[in-house]
Undergrad: 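This structure is in structure tokens; I'll ask about it shortly.
Just so we're on the same page: letters track the sequence lines, and every chain starts at 1.
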Amino acid sequence: MELIIAIFIGLLFACGVYLILRRSIVKVILGIFVLSNATNLIIFLAGGIKSEAVAFIPDDAESLNPELINDPMAQVLILKAIVIGLGIAAYILALKYRYFEVTGTHDLDQLKNTDQK
Amino acid sequence: MSLFAHILIPLGFIILALLIKKASIKRRLAILFAAINFLWSLTLIPIVQFNDIIVVQTGGWEAPYGISLVADKFSVIMLVIAAFIFFISTVYGAQEVDKERRKSGHFFFSFGVLAGVNGSFIAGDIFNLYVWFEVMLMSSFILVSLGGERPQMEGSIKYLILNLISALFFVSGVGLLYGNLGTLNMAHISQIIANNKEIIPLLNPALILMFVSFAIKGALVPFFFWLPASYHTPPPTVSAMFAGLLTKVGIYSLIRFYTLYLYHDDLFWNKIILWLGTASMIVGAMAASSQIFFRKILSFHIISQIGYIVIALAFFTKASLAAAIFFLVHNMLSKTNAFLVGGIIRRQTGTLNIKALGDIYRQNPIWAILFFISAFSLAGLPPLSGFAAKYLVIKAGVEADMILISMIALFTGILTLFSMVKIWMEVFWKKVPEDIAVPLPVKKRKEHWMLTASIAMAVMIIIMGVNAQSLLNFCNSAAHTLLNPDIYINAVLNQ
Amino acid sequence: MQNIILQKTAKLILIIMTAASLWLLIRGHNNPGGGFIAGIVAATGLILYAIVFGSQKVEKLLKYNTRNWIGSGLAIILVSIIIPIALGEPPMTAMWTTISLPFSISLHTGTPHIFETGVYISVIGIILSIIITIMEVLKWNS
């Protein structure tokens with residue numbers, strides 16, 4: 001299972017990097033989203049995964065078998081990263097909208113004015 | 001408690017700004033809260049002088065399990081200076097920022113930046129550091145693009161995408177580190193590495209990801225492109241605040257990481273940091289000398305100054321670490337003030353193209369003097385703070401047998417002086433060129449609060465230059481704590 | 001959208017989602033759930049309502065504007081942080097007490113509940129402010 005997820009993360013990173021290198025700003029934004037999901041999966045995988053194990057202790061548990069507990073910390077970190085991703089997604093789409101209103105283009109090559117002057 | 005207030009004060013303002021509608025009340029509240037934040041940070045100094053390190057374990061959970069907030073002397077000095085800069089830029093911005101921007105939340109988001117900066121200075125936990133970075137970044141994204149003019153849009157897209165990539169690198173690094181060690185507490189990680197030195201090659205992939213992230217945030221040389229592309233686009237208040245606070249957080253984290261973890265693998269890391277720092281120094285100063293826009297020259301100089309701090313870190317002696325902290329403080333003050341003066345000039349003349357400006361010294365000698373103080377402090381003229389800072393860095397370099405790097409640092413000082421003299425000659429000294437028509441604004445606008453803020457900053461620079469010894473003593477004891485991470489580890493883990 | 005079945009379903013779903021979100025909010029501390037998830041569930045119901053009836057109707061339903069929702073949520077969080085500080089504990093410590101109510105019900109509650117309620121309110125405010133702004137700017141209210 002780890003191997004499959006690792007290969008999948010690699011694929012996601014490749015997709016993200018490819019999208020980020022495109023000229024259209026929409027694709028760059030999509031690339032950012034793909035990359036942020038790939039990083040969430042890295043945390044998930046690095047925290048260690050076990051099948052058929054949950055990340056919390058049931059109310060009526062008398063004793064604890066560590067084999068049946070997933071590490072909750074990694075999932076907490078992912079939750080926070082997702083929340084931050086939500087905020088960034090909202091902002092970046094608003095920025096894109098405003099950018100299109102101001103410049104009337106999707107092309108990142110039109111961005112060079114501030115670098116030249 | 002005393003540390004936690006640094007998060008609660010910005011949070012308090014943010015709540016009030018959400019609940020109150022009137023812009024004029026918000027402006028007063030912003031100045032009030034910034035002043036409270038500054039005064040509160042001053043109360044930390046005696047505490048930290050008395051018992052070295054302040055630790056707050058939030059939620060009552062003991063160190064490796066809970067989230068700890070830690071402040072040693074280095075954090076405290078950064079907190080104080082950041083609070084001072086924030087206070088000054090709030091007073092300045094209360095007058096400079098136009099009403100449109102104030103209504104759409106200029107102060108709201110600048111307190112977001114303050115919360116992020118304060119949080120990163122006192123975070124004792126890597127993931128917490130990441131969260132505060134994000135808080136700071138989110139607010140700064142919005143501040144850069146607030147107003148929605150075309151150059152702002154262009155600048156903010158570059159700023160946004162490169163900084164998001166740095167955040168992704170950082171969080172992947174955190175994930176890998178957690179997978180390897182099973183802890184996120186900075187002191188605990190340092191202890192594990194110190195007890196088991198063979199482990200660090202295993203950690204290097206994660207640490208490299210984090211290092212690249214800090215290098216992007218701190219604008220070291222191969223990663224600096226977002227900074228000169230975006231810092232000259234927002235209103236001057238915002239660029240002054242960013243110049244004073246944001247890149248310095250990246251450098252703060254780099255120093256913290258180097259003194260806690262990276263120094264164990266000196267052979268690998270020292271060379272990287274040393275040469276990146278040297279390259280930043282040269283590239284920043286050289287790129288600045290070809291620019292003709294006031295704020296753009298200063299933006300490139302940020303990169304150059306960051307280089308000085310990083311080489312001082314790479315020398316890694318007590319004197320050089322103290323010099324790095326001293327330089328950081330000096331740079332935050334002088335750089336912010338140079339941007340503030342630029343803002344006043346832009347408000348009165350409507351442009352910052354140094355070819356079109358001129359003769360400001362005769363029209364307004366006060367601005368000229370203010371700029372003189374901050375610019376020549378950056379260049380390192382004797383009575384000002386920059387002289388002591390550069391002298392300390394180069395002296396530490398010579399003492400650490402890094403003669404070549406010290407020579408390069410000296411040479412870069414000349415380049416810095418060249419661009420500062422260029423601004424001085426073009427903007428303040430020469431006659432107004434007749435063939436370039438400068439669109440003068442019709443009515444003169446008030447600027448007394450802006451001037452007051454800038455004068456306060458200039459006075460601070462002079463005090464720091466004249467009275468360098470007492471600050472240096474504090475920096476020396478901060479460097480002592482940094483060089484002995486056992487003090488930090490024992491205080492946090494309560495051993 | 002003038003579709004009677006959709007309108008009735010949206011109202012029903014809003015009620016169910018709100019009830020479910022409150023249940024998630026209360027069971028949160030020891031079981032899966034909590035303020036953030038509950039807030040998202042409640043906001044989802046409201047978003048469906050907004051898609052069917054238009055964003056003005058949701059703003060009327062919320063009574064105060066979304067900024068005030070976020071602000072009061074954060075204020076409640078601030079209260080839950082300050083209570084332990086005032087009692088001399090480290091900030092954000094979970095402090096529990098049992099309140100006995102009439103009809104021999106005893107309520108085991110504490111600062112985490114206050115905290116989660118604050119998160120719940122502010123998450124509803126944040127998500128709805130995003131969605132309402134998008135709907136107004138892109139003119140989806142026809």
Undergrad: Evaluate I32(A) against L160(B) for side chain to side chain contact (heavy atoms under 4.5 Å, CB included), listing each step before the verdict.
TA: CA-CA 10 Å; I32(A) 292 277; L160(B) 173 85; over 6 Å; no
Undergrad: If we only count heavy atoms from C-beta on, is the V174(B) to I43(A) side-chain gap below 4.5 Å?
TA: no
Undergrad: Which bit of L168(B) is near chain A, if near means a heavy-atom gap under 4.5 Å: side chain, backbone, both or neither?
TA: both
Undergrad: Take atom CZ in F108(B); do more than 12 heavy atoms of anything else shown fall under 6.0 Å from it?
TA: yes
Undergrad: Take atom NZ of K103(B) as the centre, draw a 6.0 Å sphere, and report whether it contains more than 12 heavy atoms from other residues, nucleotides or ligands.
TA: no
Undergrad: Where do A46(A) and G175(B) come nearest, in terms of heavy atoms and distance?
TA: CB-O, 3.2 Å
Undergrad: Need one label for I20(A): side chain, backbone, both or neither, based on atoms under 4.5 Å from any heavy atom in chain B.
TA: side chain
Undergrad: Does the side chain of I84(A) reach to within under 4.5 Å of the side chain of V171(B), using non-hydrogen atoms?
TA: no
Undergrad: Please state whether the side chain, the backbone, both or neither of F169(B) comes within less than 4.5 Å of a heavy atom of chain A.
TA: neither
Undergrad: At a heavy-atom separation under 4.5 Å, does I78(A) approach chain B through its side chain, its backbone, both, or neither?
TA: neither
Undergrad: For the interface with chain A, which of N353(B), I142(B), L137(B) has the highest count of heavy-atom pairs at distances below 4.5 Å?
TA: I142(B)
Undergrad: Between Y91(A) and S145(B), which heavy-atom pair has the shortest distance, and what is it?
TA: OH-OG, 2.8 Å
Undergrad: Checking heavy atoms, do the side chain of V83(A), its backbone, both or neither come under 4.5 Å from chain B?
TA: neither
Undergrad: Which atoms of I88(A) come close to chain B, meaning under 4.5 Å heavy atom to heavy atom: side chain ones, backbone ones, both, or neither?
TA: both
Undergrad: Could you measure the distance from the CG atom of L41(A) to the OG atom of S172(B)? Nearest 0.5 Å is fine.
TA: 11.0 Å
Undergrad: Excluding sequence neighbours, so at least two apart, what forms salt bridge (Lys or Arg N to Asp or Glu O under 4.0 Å) with E149(B)?
TA: R101(B)
Undergrad: A side-chain contact here means heavy atoms from C-beta on lying under 4.5 Å apart; do L184(B) and L77(A) qualify?
TA: yes
Undergrad: Could you tell me the separation between the CD1 atom of I42(A) and the CG atom of L176(B), rounded to the nearest 0.5 Å?
TA: 5.5 Å
Undergrad: Measure the spacing between CD1 of I161(B) and CD1 of I25(A) and express it to the nearest 0.5 Å.
TA: 6.0 Å
Undergrad: Roughly how far, to the nearest 0.5 Å, is the NZ atom of K80(A) from the OH atom of Y130(B)?
TA: 11.0 Å
Undergrad: By a 4.5 Å heavy-atom criterion (distance strictly below it), what part of D71(A) contacts chain B: side chain, backbone, both, or neither?
TA: side chain
Undergrad: Identify the residues of residues 98-108 of chain A whose heavy atoms come closer than 4.5 Å to a heavy atom of chain B, ordered by number, or report 'none'.
TA: R98(A), Y99(A), V102(A), T103(A), L108(A)
Undergrad: Is it the backbone or the side chain of F141(B) that comes under 4.5 Å from a heavy atom of chain A, or both, or neither?
TA: both
